Structures are given as structure tokens and as C-alpha cells.
2 protein chains.
Amino acid sequence: MAAATKDKTTCPVCATAEIVCGKWTILIIRDLAAGRSRFCELERSLQGISPRTLSLRLKALEEEGVVARKTYPEVPPRVEYVLTPKGRALLPLIEDMRAFGREWLGMKGDIDTACAPVEAAA
Amino acid sequence: MAAATKDKTTCPVCATAEIVCGKWTILIIRDLAAGRSRFCELERSLQGISPRTLSLRLKALEEEGVVARKTYPEVPPRVEYVLTPKGRALLPLIEDMRAFGREWLGMKGDIDTACAPVEAAA
DNA sequence: CAGCATCCGCCGTGATACTG
DNA sequence: CAGTATCACGGCGGATGCTG
């Protein structure tokens, strides 16, 4: 979701929406918070996402300062993504969504991570 | 934003995301909570939205049980949209978004409604 | 005022294949 | 493993115009 293209600069809600929009964004943040940090891990937990999309989202998130990227110059290239404080500040939002889903949408599963089972939530 | 097309039924976060996604959805809910209830009011507060989109979103929200619609069989047709308890349950989410926007995005304006000035927030 | 119908364009997303 | 390049599709949302 996004928002008014006009004066979004004055609207905290709109601005936040702009960041969180995108089909996978929230899920990526959630999985990052859940401990997954590597590209392929996310690719697996967010099963169904294309590497392209994951890459794009991750990059956008990085530019927004929500995610930090650490590259390890090793032989088998390794990269880890972690939430920045700013990214962590988004977690309450996710908590609310989870609470809402459970309370009003009948999603009783306590492991929302079940959205993409990574072996029963790592 | 949306989510895994596969097992979203088990993921509260995904499911909620599905509802809240869409460029204007959150804003509509916010404005509804802010007191605006008529079609044209929303059209004005969400300046920039097309009647088509507003109509579509409102309908979707209604079908999801987030918004209730009251029609007044009067001469100048009047319709009022109000948040249902379920819709109200989404407010904390918006509050968090607002808080995030203010704290991390520099949106100091306390009236996020400023997103679409309806005469200085009704 | 409320809102539907139609047409159209954009962008996010998916699929697939290839590279460092 | 960790991406990037390309191609193409689909749906959301915008613009306009019409009806009840």
C-alpha cells in the first residue's frame, strides 16, 4: 500500500505505509526478526518469492535504513541481513498485525512463521 | 503488501497484510476513525483518490467486515461508512505506523490527517 | 450525492536463465 | 551461495463519463 503522492511528507502514516508496502516487505522484516538472516534462508522461509523480488525488497529496505547488510568476503560468498534499530521499530507493527489476524481472522496458529515453514520455525 | 498465495491461511500477519494492503486502505480506515463517514468526505480527505478506487476499497473493506455501510433512503442519497469493531481493531496498527513515522521518518506533524487536509482536520 | 462502467497505463511481481 | 538480467503478465489505481 502506499499513499498520497502529494503531501505524504506530512503524514506519518502514509510515509510508513510507503515503506511497508510491497507484497513481501512485512514478511521479510518478520523473518529477519525471527532469526533468518541469509539470502537463501529468506528465500526459503518466504517460499514463493523470486530472488529478484527478494533482492529488490532487501535493497529498498537497506536504502531506507531498515535493514543492514553485512558481507563476508569468504569463498562461498556469505551475506547477512539484519534489522537496524529502525527496522526493529517496525516490529510492534507486525505484532499488531499478528494479534489482529489471530483475533479477527481466525488465524489461531501461534507461529505465524508458519506462513512459510522453515522446518517448523527454525 | 500482500503475502504468500499458498498458505496465508495459517499466517496471521500475511492475512492481515492482505486486508490492509492497497494504496489507500489504511488511510481510509484512518479517516473513518477520524470521523469522516461519507463518501464525499472521504473523497475530499483522501484527496487524490478516484471515486472508483474509493468505492472499490470501501466495498472490499465492507466485505471483510471492517467497515459497515448505512444507507439513508433520503432524497439526496446519503450513505455513511463506519468502522466495525473489527475495523476498530485495526487502529492500534495505525497508531504504531503513526508513531513510527514520527519517530523514524521525521514526520513531526501530529495531525497525520494532514495527509489530506480537510480544512485542518474537520 | 453516491457510485458504477470503461479504458488505459504503470509498476510490482513472477519465471527463467545466467554470473561472480 | 548470492545475486543480476530479461521478458512478460496482472492487477491496482487514475481519468472520464454516465446513472440513480
Side-chain angles (χ1 to χ4, degrees), chain A residues 1-6 8 14 17-28 31-32 36-64 67-82 115-116 118, chain B residues 1-6 8 14 17-28 31-32 36-64 67-82 115-116 118:
Chain A
M1 80 289 274
T5 333
K6 3 180 3 286
K8 60 175 181 178
C14 306
E18 297 262 339
I19 289 182
V20 173
C21 73
K23 188 173 174 183
W24 302 93
T25 315
I26 293 231
L27 283 333
I28 290 176
D31 282 10
L32 242 21
R36 269 161 288 274
S37 55
R38 302 187 54 172
F39 195 90
C40 69
E41 272 190 301
L42 293 168
E43 216 172 343
R44 291 167 61 77
S45 67
L46 298 168
Q47 220 185 350
I49 195 174
S50 64
R52 165 196 162 73
T53 298
L54 179 54
S55 182
L56 286 177
R57 296 283 114 219
L58 243 17
K59 187 174 301 180
L61 253 16
E62 193 188 346
E63 284 174 3
E64 284 154 351
V67 165
R69 173 193 167 134
K70 294 190 356 183
T71 305
Y72 296 82
E74 303 176 356
V75 184
R78 183 159 62 105
V79 177
E80 288 191 353
Y81 294 91
V82 293
C115 179
V118 198
Chain B
M1 82 289 277
T5 333
K6 351 155 43 264
K8 59 173 181 179
C14 306
E18 296 261 339
I19 289 183
V20 174
C21 73
K23 190 173 173 184
W24 303 92
T25 316
I26 293 229
L27 282 334
I28 291 177
D31 282 9
L32 242 21
R36 270 160 288 275
S37 55
R38 302 189 52 173
F39 196 88
C40 68
E41 272 191 300
L42 293 168
E43 213 171 346
R44 291 166 62 78
S45 67
L46 298 167
Q47 219 185 353
I49 194 174
S50 64
R52 165 196 159 76
T53 299
L54 179 54
S55 182
L56 286 177
R57 294 286 116 218
L58 244 15
K59 184 175 300 180
L61 253 15
E62 193 188 346
E63 283 174 4
E64 284 155 351
V67 165
R69 171 192 168 133
K70 295 191 356 185
T71 306
Y72 296 81
E74 304 176 356
V75 183
R78 183 159 63 107
V79 177
E80 288 192 352
Y81 295 90
V82 292
C115 178
V118 199

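Sequence lines set the chain letters: A, B, ... in the order given, protein chains first and strands last, and positions in each chain run from 1. Hydrogens, waters and symmetry mates play no part in the numbers below; they use all other heavy atoms, side chains included. Note that the coordinates shown come from a computational prediction; the quantities given were computed from them, not determined experimentally.
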Bend angle of the helix from C/dC1-D/dG20 to C/dG20-D/dC1, from helix axes over five pairs at each end, nearest 10°: 50°

Shortest non-hydrogen contact from A/Tyr81 to A/Leu32? O-CD1, 3.8 Å

Show, in sequence, the C-alpha distance, side-chain angles and deciding distance for B/Arg69 and B/Leu58, and conclude whether the side chain to side chain contact (heavy atoms under 4.5 Å, CB included) test is met. CA-CA 9 Å; B/Arg69 171 192 168 133; B/Leu58 244 15; over 6 Å; no

Picking from D/dG14, C/dC1, D/dC1, the nucleotide nearest the side-chain atoms of A/Arg38 would be D/dC1

Can you tell me how far apart CG (B/Asp31) and CH2 (B/Trp24) are? Round to the nearest 0.5 Å. 10.0 Å

Separation between CZ of B/Arg36 and CD of B/Glu80, rounded to the nearest 0.5 Å: 13.5 Å

Rounded to the nearest Å, what distance is computed from the CD atom of residue B/Gln47 to the P atom of nucleotide D/dA15? 12 Å

Whole-Å distance between D/dG13 P and B/Glu43 CD? 16 Å

Check whether any side-chain nitrogen or oxygen of A/Lys23 sits under 4.0 Å from OP1 or OP2 of D/dG11, and answer yes or no. no

Check the distance between D/dG13's P and A/Glu18's CD and give it to me in whole angstrom. 12 Å

Under 4.0 Å from OP1 or OP2 of C/dC4: is there any side-chain N or O of B/Lys59 that close? yes

Hey, are the side chains of B/Pro76 and B/Arg78 touching, using non-hydrogen atoms and a 4.5 Å cut-off? no

DNA chain D contacts among residues 72-82 of chain B, heavy-atom distance under 4.0 Å: B/Pro77

Kindly state which residues belonging to residues 50-57 of chain B come within less than 4.0 angstrom of DNA chain D, counting heavy atoms of the residue only, listed by number. B/Ser50, B/Arg52, B/Thr53, B/Arg57

Rounded off to whole Å, could you give me the CZ-to-P distance for the B/Phe39 and D/dG20 pair? 17 Å

Expressed in angstrom and rounded to an integer, what is the separation of A/Ile49 atom CD1 from C/dG14 atom P? 7 Å

Nearest non-hydrogen partners of B/Cys14 and A/Leu27, listed with the distance: SG-CD1, 3.6 Å

Using every non-hydrogen atom in the two residues, find where A/Ile19 and A/Thr25 come nearest and quote the distance to one decimal. O-CG2, 3.5 Å

Any side-chain heavy atom of B/Phe39 sitting closer than 4.5 Å to one from B/Leu54? yes

Atom pair CD (B/Glu41) and CG (B/Leu46), whose distance is rounded to the nearest 0.5 Å: 11.0 Å

Nearest-Å distance for atom pair CG/P, residues A/Leu58 and D/dG3: 7 Å

State the CD1-NZ distance between B/Ile28 and B/Lys23, to the nearest 0.5 angstrom. 12.0 Å

How long is the line joining CG of B/Leu46 and P of C/dA2, in whole Å? 14 Å

How long is the gap from CZ on A/Arg57 to CZ on A/Arg52, to the nearest 0.5 Å? 10.0 Å

Mind calculating the distance between CZ (B/Arg69) and P (C/dC1) to the nearest angstrom? 16 Å

